[in-house]
Each structure stands twice: as C-alpha cells, then as structure tokens.
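A short worksheet on the structure shown next.
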Amino acid sequence: MTETNSILVVGGGLAGLVAAFELTQRNIHVTIIDQEPEQSLGGQAFWSLGGIFCVNSSYQKWRGVKDSREKALEDWMNTAGFDRGAEDYWTKAWAKSFVDFATDEMEAYLKARGVGFLAVGWAERGAGKSQGHGNSVPRFHLTWGTGPAVLKGFEAPVRAATKKGLVTFKFRHEVKKIVVDETTGAAIGVKGNILEPSSVARGVQSSRKVIDTFELCGRAIIISTGGIGGNLEAVRKWWPIDRLGPQVPKSFVIGVPHHVDGHMVEYAQQAGASVVNMDRMWHYTEGLKNWDPIWPHHGIRVIPGPSSLWLDANGQRLPPYLYPGCDTLATLKYICSTGHDYTWFILTREILRKEMVLSGSEQNPDITGKSYWQAFLQRIMSRWGAQGVDAFRQHGEDFVVEDTLEKLVEGMNKLAEERKGPILDYGDVHKTITARDIQFDNNYSKDAQTMLVNNARNFLSDSFRIAKPHRLLDPAFGPLVAIRMNLLTRKSLGGLQTNLDSNVLRPDGSVFPGLYAAGEAAGFGGGGVHGYSALEGTFLGGCIYSGLRAGRAIAQDSTNLRSRL
C-alpha cells in the first residue's frame, strides 16, 4: 500500500470539493480520488440549476419576504416527518444545524466564494396546511451562473492549491474497498482499480476497463460519491412499496449520470459502517425524456408554474393539493397508486411561455452564461418561452401541440399507446377542462388551484413568471399543449449515518475512526437530514454544509491528524 500523509477524498463532486477546500485552507494535504475522468470533476452539481436554500437572506428581504429561523425549522420538521428513533437521532440534529447554517452563514459563505443569486423562487409550496409539508415562503435562491458557478467557487481554489503542493488528483481510480486496521478498527486506506484513460465528455458514460490496481493509505477518508439515482437496480431494490406502492414503477427517465450508482456506500457498509434510511428517496414527477441525451435514459426535470391542469394517466384531475410545484412525494405516491408511471399536463402556449422552466445548467445557457439580457428577452418576449423549452416542444417526444382539444386528445392517446396506457375519452377531458376554466375565469373561486395561482402572483417575482389566469380553451392564449410527464430518478435521502462532525458511525452507534462522509452518500448529513421529503435548494446546500463539516472536523481533530501509518 502506498503510504501518504494525506486526507483521502473519495468522490470529486461538490461535497468533496468543499471538504478539500476547507482542508487546504488550513494547509492540510488532500488526495481526491474519482473513477471518472478529469473533465467530470464536480459531479452532479455541474448539471444542476444551482438552487440554494437560504433563510432570511438579503434577497428575500429585498423582495419583501419575511422569513425566520423558527419558521424554516418548523417547515423542515413538518416536511421531514422524522419517526425512526435511533435512525433519526442524528438526522434531526443535522436538520437543526443545517437550518442554522442556512440562516446565519450560507449566503455570506457563498458570496465569499464569488457565488451570487439571480432570483428567489418558491419551490415545494406545500400541501395547504400550516403545519404540513412545504415552504411557507420563497427560499429557492437561483444561482447566477447555475451549478457551474457554485462549483467554480470551490474548484478554482482547490485547483490553485495543487500549485502549493496541497492537492493530488487521482482520476480514473475506482475505489472497491475501504482498508481497516485490524488492531484499531480505524479506516486507514482504500484499494481498487485503475481504469483506462477516457476522453468522453462530461457526464457521458465512461469505460470500466481495468488496466491496473492501486492501494492508498491516508490519515482519514471522506466518502463523497453521491447516491443511487443513476442505478435503476438500486432504486428498485430500495423502493418503499409500503409508502409509495402498490408496485415499483416500470418506467423511469434518469436525472443523474450513469456513475451515480451508490456502490461506495455499499463498500463502506461492508467495512462496518452504519447505513440507514435507504428506502427514503427523492424522485421527480415532471420528467421529460431528453431529446439530446448525454447519459443513458437521460431525463430533464420540468420546474413548472402552478397553472397547468394536471391529469393522471386515466384522465382524472389530480386532487388538492397535488398541483404543480406543491408536494413532490405526495404526488409521486398518488401517481404510483394509479398503476401507471406517467401523467399529463394540459396548458396553453401562454402558460408554457411564462411558466415552464427546465432544470439544469445545460438547459439554461442564458443563466449559466450569465447573459442577463438574453435571459430577459428570450423568456419574456419570445412566443414560446425559454430556448430550452422551445427545443423540447419541437423535438421532444413527450409534447403534443394542437389548435383544438379534439386533436390534442388524439395526440395524447398516441403517446399513451406507446406505454400501453389507457385511452383518454375526449368528452371526459373536455368536461374536466371546462370545470377548471369556469373557476379560472373569475376573480373569486372555490377551486384550490385557482387560489394557489392568485396567492403566488402576490409575490413580485412570481407575478412576472406566472401567466395571468385564463381559460385553457380560450383561443387567444393558444394553441393547446399537452406534455407527458414521466417519473425522473434523482436523489437518495438516506445513506451513511454520521454525527455532526460528519464522522461515520457503526451500527452500534460508536464512531468509525478515520471514516467520514459528506453529500448524498451521507443522506446530505446524518444518514438522512431531509427525512421523508425535502424543501428544495437543500441538495446543493446539503453538499456544501456536510462537506464543510467534514473538512473542518478533520482539521480541528488532532487525533485524526496524527498519522496511523
């Protein structure tokens, strides 16, 4: 085994880079080990829209949003639904600690890294109950520059640290085992395979051809390799049929690259680590099959406004409060109960133009490239809205655009036949739309979705983004659009159990010496800081905070800094 007086960071995603940044700022050497080629440094965060959960920020205050630590923590706990004794002891501690960081430090910490925000959005608006799921106020801080801008704030100083001799990169090194000292029980190293060089573009599935093996010894090990979202076998294995039954969905589109497979969590468990809450997971209900895919079965998530009519595969309107942008996992549970794995949005061209946003850096080149006027003109002035949305309208297989409802339903039924789904009845769809339109064509309404739209438009930022309420069958706002929404895999909400220092625990609750975990591999902290559901903007934020905790804890713990070689 090659001996090194270094901290081994397994996984070069955002959490790993943040941990490396914290360590190198304290002149501690780091070795970053990643199975992907160098061009994929940064992992999943690169592809993200860059949403960050902040509480009582200057951006919220600027928009007149009244937020507080207490309100955010109540929203978090109501959403998480922690109910698992020992498994949730540390998750609840992490939840409180994260909300404190989001309130006191997140904004300033990112600003110091050169990260700024473009707008504050209102994600996961809730289930219509003051003590229920969801964000009480807008907290989704959209990064100016999306995911790549967040990454740059940490990748740049870590790369600069290589010139000082503080960082060594080991790309194409696939860790297969954690080495444990038989005497002390401490994690002292890793071993695995060296893969052949690869020049594939970022995110593209790379070769797994082995050309050699390696062994590295370090003073501490941080696992920051992500979750299981790219591994359908693992998703199906852990699918919570008891909560989301009655069966595992047959069809998914995949929201993360192929290498996000969860294997490192398995290897840590084999070494003696505690893994908890793996049946808690986060998958989106508004996924499109990418017409220009990067990784296998590549899916793109739609971030919708609240106005579209949402029908299940049988043509039934989803019940209150399962409206676009309100309660992701409750909606997922409902969809699974129908026996089908897709739903329908019915909307107008005007709603598409104003409200449809696609998640991801590559789908928003204007924001990613920080081209403000391009962003403004494209999204506000164009006939079909954002460039990425229009490309899906033209090329995506999930879109139907027609001038009449009758032709629209015919097009929807052609797509339904592809999935062996039920054929929609035109008369039933027309009746549902007419009932909805009567409620939207009035300043007053008993329809909960109408009230949701009117409430959302009271927030200044949403007043520009959300279409003025109108009838779907009003030709002035047409043509009509139907979108088949697929289930999209994304995040693990469980993982390696850690204490507040990101130190991995053993099944008996004791500390696993020398082994740390951060990011999605740790359930973003504690083995499941989100509980059963999440408030959005908390995934990148969770990578940042758990990586920070791991780096600082190792740096401050003189025991972990003593060589065990």
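Among residues two or more places apart in sequence or in another chain, the ring pair (Phe, Tyr, Trp, His ring centres under 6.0 Å) test is passed with F46 by none. Applying the side chain to side chain donor-acceptor pair (under 3.5 Å) test to R552 and every residue at least two apart in sequence or in another chain returns E22. Considering only residues two or more places apart in sequence or on other chains, W47 meets the ring pair (Phe, Tyr, Trp, His ring centres under 6.0 Å) condition with W295. In this view, T285 and W310, T331, L332, I335, L487 satisfy the side-chain contact (heavy atoms from CB on, under 4.5 Å) rule, not counting sequence neighbours. Take W239 and apply the ring pair (Phe, Tyr, Trp, His ring centres under 6.0 Å) test, not counting sequence neighbours, and it matches F252, H283. Evaluation of the ring pair (Phe, Tyr, Trp, His ring centres under 6.0 Å) rule for H259 yields no partner, not counting sequence neighbours. The side-chain contact (heavy atoms from CB on, under 4.5 Å) search around V65 returns Q60, R63, V137, P138, F459, not counting sequence neighbours.
Between V190 and H173 there is no side-chain heavy-atom pair separated by less than 4.5 Å. Between D398 and F392 the shortest side-chain heavy-atom distance does not fall below 4.5 Å. Between L195 and V210 the shortest side-chain heavy-atom distance falls below 4.5 Å. The closest side-chain heavy-atom distance from D501 to D557 is not below 4.5 Å. A 4.5 Å side-chain heavy-atom check between K191 and T213 finds every atom pair outside the cut-off. In this structure, the side chains of K176 and N193 come closer than 4.5 Å at one or more pairs of heavy atoms. In this structure, the side chains of N364 and L49 come closer than 4.5 Å at one or more pairs of heavy atoms. For the pair E215 and V179, the minimum side-chain heavy-atom distance is 4.5 Å or more.
One N or O on the side chain of S546 and one on the backbone of G542 form a donor-acceptor pair closer than 3.5 Å. At distances below 3.5 Å, not a single donor-acceptor pair connects side-chain atoms of T91 with backbone N or O atoms of G531. Between the side chain of S492 and the backbone N or O of I228 there is at least one donor-acceptor pair closer than 3.5 Å. Under a 3.5 Å cut-off, the side chain of N503 and the backbone N or O of L515 do form a donor-acceptor pair. Of the possible polar contacts, none joining the R506 side chain to the F512 backbone as a donor-acceptor pair under 3.5 Å is found. When atom types are taken as modelled, the side chain of N56 and the backbone of T103 share no donor-acceptor pair closer than 3.5 angstrom. Remark: the backbone N or O of S198 is paired with a side-chain donor or acceptor of Q39 at under 3.5 angstrom. D261 places no side-chain N or O within donor-acceptor distance of the main-chain N or O of N231, the cut-off being under 3.5 Å. In this structure, the side chain of T79 engages the main chain of G134 through a donor-acceptor pair within 3.5 Å.
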Between H395 and D292, does a side-chain contact (heavy atoms from CB on, under 4.5 Å) hold up when you go through it step by step?
-> CA-CA 9 Å; H395 307 295; D292 187 20; over 6 Å; no
Evaluation steps, side-chain contact (heavy atoms from CB on, under 4.5 Å), between W90 and L505 = CA-CA 10 Å; W90 287 109; L505 305 178; 3.4 Å; yes
Step-by-step side-chain contact (heavy atoms from CB on, under 4.5 Å) determination, F117 to L110 | CA-CA 10 Å; F117 301 126; L110 289 177; 4.0 Å; yes
Do V302 and I483 pass the side-chain contact (heavy atoms from CB on, under 4.5 Å) test, and can you show the C-alpha distance, the side-chain angles, and the key distance before you say yes or no?
-> CA-CA 10 Å; V302 172; I483 308 174; 5.6 Å; no
Let me have the donor-acceptor pairs involving side chains of residues 146-153, under 3.5 Å, with sequence neighbours excluded, atom names and distances please.
from	atom 1	to	atom 2	distance (Å)
T146	OG1	T368	OG1	2.8

Scan the side chains in residues 7-19 for donor-acceptor partners under 3.5 Å anywhere in the protein, sequence neighbours excluded, and list what turns up.
none

Going by atom type alone, with no hydrogens or angles, which donor-acceptor pairs under 3.5 Å involve a side-chain atom of residues 162-169 and a protein atom two or more places apart or on another chain?
from	atom 1	to	atom 2	distance (Å)
T162	OG1	R159	O	2.4
T168	OG1	H29	NE2	3.2

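Note that CZ of F82 is 9.0 Å distant from CG of N277, once rounded to the nearest 0.5 Å. Rounding to the nearest 0.5 Å places CZ of R549 at 9.0 Å from CG of N499. Separating the CG atom in N290 from the CD1 atom in I300 is a distance of 4.5 Å, to the nearest 0.5 Å. One finds the CZ atom of F140 at 10.5 Å from the CG atom of N135 (value rounded to the nearest 0.5 Å). Between D462 atom CG and E355 atom CD the span is 9.0 Å, to the nearest 0.5 Å. Between atom CG of residue L548 and atom SG of residue C543 there is a gap of 12.5 Å, rounded to the nearest 0.5 Å.
Only one option out of F524, W94, F53, Y109 pairs with Y545 in a ring-ring contact (aromatic ring centres under 6.0 Å, His included); it is W94.
A pairwise comparison of heavy atoms in A20 and V30 identifies CB-CG1, 4.0 Å as the closest pair. Nearest heavy atoms, A534 versus T538: CB-OG1, 4.0 Å. Heavy-atom minimum distance, I52 versus G541: CD1-N, 4.1 Å. Between T489 and G229, the closest heavy-atom pair is OG1-O, 2.7 Å. When every heavy atom of L488 is checked against every heavy atom of I254, the shortest pair comes out as CD1-C, 3.7 Å. Residues P197 and I211 approach most closely at CD-CD1, 4.2 Å, considering heavy atoms.
Under a cut-off of 6.0 angstrom, the local environment of NE2 in H263 is crowded, with over 12 non-hydrogen atoms contributed by other residues, nucleotides or ligands.
The aromatic rings of W76 and H530 lie parallel to each other, with less than 30° between the two planes, well short of the 60° mark.
For residues 526-536, the pairs satisfying salt bridge (charged side-chain N to carboxylate O under 4.0 Å, His left out) are R301-E536, with sequence neighbours left out. Within the structure, the salt bridge (charged side-chain N to carboxylate O under 4.0 Å, His left out) test picks out the following pairs touching residues 102-121 (sequence neighbours left out): R69-D104, E107-K111.
Using modelled atom types, one finds a donor on one side chain and an acceptor on the other under 3.5 Å when comparing R208 with S206.
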